[in-house]
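Input: a single structure, listed below in structure tokens.
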2 protein chains.
Amino acid sequence: MNEPLSAGVETLAPLYKAVKRSLTRSLMRGEWRPGAALPSEARLAQRFDVSIGTLRKAVDELVAERVLVRQQGRGTFVATHGANRYLFHFFHVVPRDGEKTLPMLETLAFARGTATADEARRLGMPVGARVIRIRNLLRIAGDPVIVDDIVLSRGRFPDLTERIFRERDSTIYHLYQTRYGINVVRAVERLRATLADRAVAKLLGVAAGAPLLEINRIALTYRDQPVEWRRSLVDTARHEYLSDLGKGAETPA
Amino acid sequence: MNEPLSAGVETLAPLYKAVKRSLTRSLMRGEWRPGAALPSEARLAQRFDVSIGTLRKAVDELVAERVLVRQQGRGTFVATHGANRYLFHFFHVVPRDGEKTLPMLETLAFARGTATADEARRLGMPVGARVIRIRNLLRIAGDPVIVDDIVLSRGRFPDLTERIFRERDSTIYHLYQTRYGINVVRAVERLRATLADRAVAKLLGVAAGAPLLEINRIALTYRDQPVEWRRSLVDTARHEYLSDLGKGAETPA
DNA sequence: AAGTGGTCTAGACCACCAT
DNA sequence: TGGTGGTCTAGACCACTTA
């Protein structure tokens with residue numbers, strides 16, 4: 001496993017970038033499972049034959065991207081997709097007054113089909129590729145607020161069945177991560193305003209033609225490979241989409 | 001100017017945090033003007049009596065927050081509000097097909113008044129405080145796309161007149177920065193869907209009752225002090241709000 | 001007590017920019 | 001050529017966790 005850093009096609013100029021790349025490759029290979037501890041920084045530095053400072057700089061960036069999690073005194077771990085990570089980084093709908101909470105998810109439909117031109121483009125597959133389409137209703141504090149339509153490539157999720165999807169015990173991304181080894185690392189969302197059609201209006205308990213917030217999300221894994229396309233329709237009568245910008249990282253003070 | 005780091009009310013545990021705090025204080029005081037170069041890292045390290053590594057770690061965070069800008073071989077500078085920074089970090093409306101471009105701004109109204117309860121809460125002022133209200137129409141590639149309603153405290157912008165506002169030669173935040181020494185560093189946006197009223201519909205060239213994306217933005221300066229409240233109404237027929245999430249920093253590869 | 005990450009230091013060398 | 005930031009190193013010490 002001691003692959004020399006100069007092995008890759010081309011070594012990135014700064015050494016710590018090469019180390020980061022090598023770490024990412026190991027993560028993609030699944031060398032360390034989600035939730036598992038990496039070797040200590042001292043050991044990793046040895047393995048890559050770099051100083052601890054350089055190793056730390058590589059890990060720093062992966063921590064900033066939330067791929068790894070450091071815990072002082074315990075170790076460095078592969079980030080897992082649980083309720084917390086979902087709430088903090090992948091779910092931006094908040095009550096207009098009150099605290100953000102985890103939505104309850106009810107699966108309304110699960111169907112197989114072939115990719116439309118739109119779906120193919122967004123997921124980087126050929127038109128006609130085999131896909132799965134899932135519709136969910138999300139309730140916040142009991143109220144129906146969001147209708148989600150998810151599209152997945154059957155190539156990436158070969159044996160995914162409605163039963164497996166329904167009977168997962170945590171978030172959807174946790175299912176992707178644990179069962180399919182697909183680690184959602186980033187998401188790009190495009191928002192617009194639209195009007196509720198009759199079916200969605202009924203689900204959300206609003207009038208047909210009510211204004212809804214439409215979120216088109218592409219979820220990405222390592223190297224920005226698209227994994228999931230999700231269209232969310234949100235009733236923003238009592239909820240909002242929160243976008244906090246201009247912060248590089250946490251940096252509280 | 002050699003204020004000891006232990007001077008502040010309480011010194012933050014890590015040394016580099018104290019250095020960062022001290023740098024921020026200097027920026028708030030205007031010790032270095034926007035666009036000006038800071039002393040070299042070696043000199044700053046001397047001044048704070050810390051190692052270069054520690055000094056760099058403090059500057060790293062301010063660079064990540066886009067308060068400072070490093071240029072190899074030239075120096076470290078106080079970030080200025082120009083077209084680029086605005087486009088990249090404070091303007092998220094993009095054409096659905098095509099490149100993001102700088103909008104053209106037309107000022108429709110400029111009026112003085114006193115703060116409503118809503119305005120007072122959002123800007124952290126007492127109800128009835130004196131405010132300025134400005135309405136602008138933004139065109140992208142010639143088409144009217146956004147109506148902006150801006151609310152400012154007259155306390156922060158004492159001598160701001162319609163003429164000064166109209167005759168500025170760059171972005172609005174550049175005006176705040178250069179004329180009032182107020183550096184917008186961060187923004188929090190809350191989005192919802194709404195319907196166009198008659199006045200806005202006419203401005204945007206859509207039907208009354210057309211769906212619009214409503215963006216409520218609070219612009220903040222150092223220490224998260226609110227500076228500006230802006231409500232934008234966006235016609236998302238041919239444009240979208242882009243939200244890129246999950247990246248800690250740039251980290252291209 | 002042993003092992004982990006977090007901070008801090010001091011110094012070398014490189015890449016880039018101005019002159 | 002001299003000054004700037006960018007990278008890399010080696011090592012000391014601290015804070016925290018676990019056993």
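Since this is a predicted model, take the numbers as computed values, not measurements. Numbered from 1 within each chain, the chains take letters A, B, ... in sequence-line order.
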message: Quick check on DNA chain C: between A/G73 and A/R70, whose nearest nucleotide comes earlier from the 5' end?
response: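 Its nearest nucleotide lies further toward 5', so the answer is A/G73.
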
- request: Assert yes or no for the condition that the ring centre distance of B/Y86 to B/H174 is strictly below 6.0 Å.
  value: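 Centroid separation for B/Y86 and B/H174: 6.0 Å or greater.
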
Examine [N]: is either OP1 or OP2 under 4.0 Å from a nitrogen or oxygen in the side chain of [X]? Give yes or no.
X     : N      : result
B/S51 : C/dC8  : no
B/R56 : D/dG5  : no
A/K57 : D/dC8  : no
B/T54 : C/dT7  : no
B/Y16 : C/dC8  : no
B/R74 : C/dA18 : yes

Counting heavy atoms from C-beta on, name the nucleotide in [options] closest to the side chain of [X].
X     : options             : result
A/Q72 : C/dG6, D/dG5, C/dC8 : C/dG6
A/E41 : C/dC8, C/dG6, D/dT9 : C/dG6
A/T76 : C/dG5, D/dG5, C/dT4 : C/dG5

- prompt: Would B/R85 count as a cation-pi partner of B/F88, with NZ or CZ less than 6.0 Å from the six-membered ring centre and within 45° of the ring normal?
  reply: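 No; the conditions do not both hold, so B/R85 does not lie above the ring face of B/F88.
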
field: Charged tip of A/R154 within 45° of A/F157 ring normal and under 6.0 Å
entry: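 No.
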
task: Could you check how far NZ of A/K17 sits from C1' of C/dA15, rounded to whole Å?
output: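 The answer, rounded to whole Å, is 16 Å.
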
- request: Check each of B/R190, B/R231, B/E189 against B/N216 using the side chain to side chain donor-acceptor pair (under 3.5 Å) test, and report the only one that passes.
  value: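 It is B/R231; the other options fail the test.
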
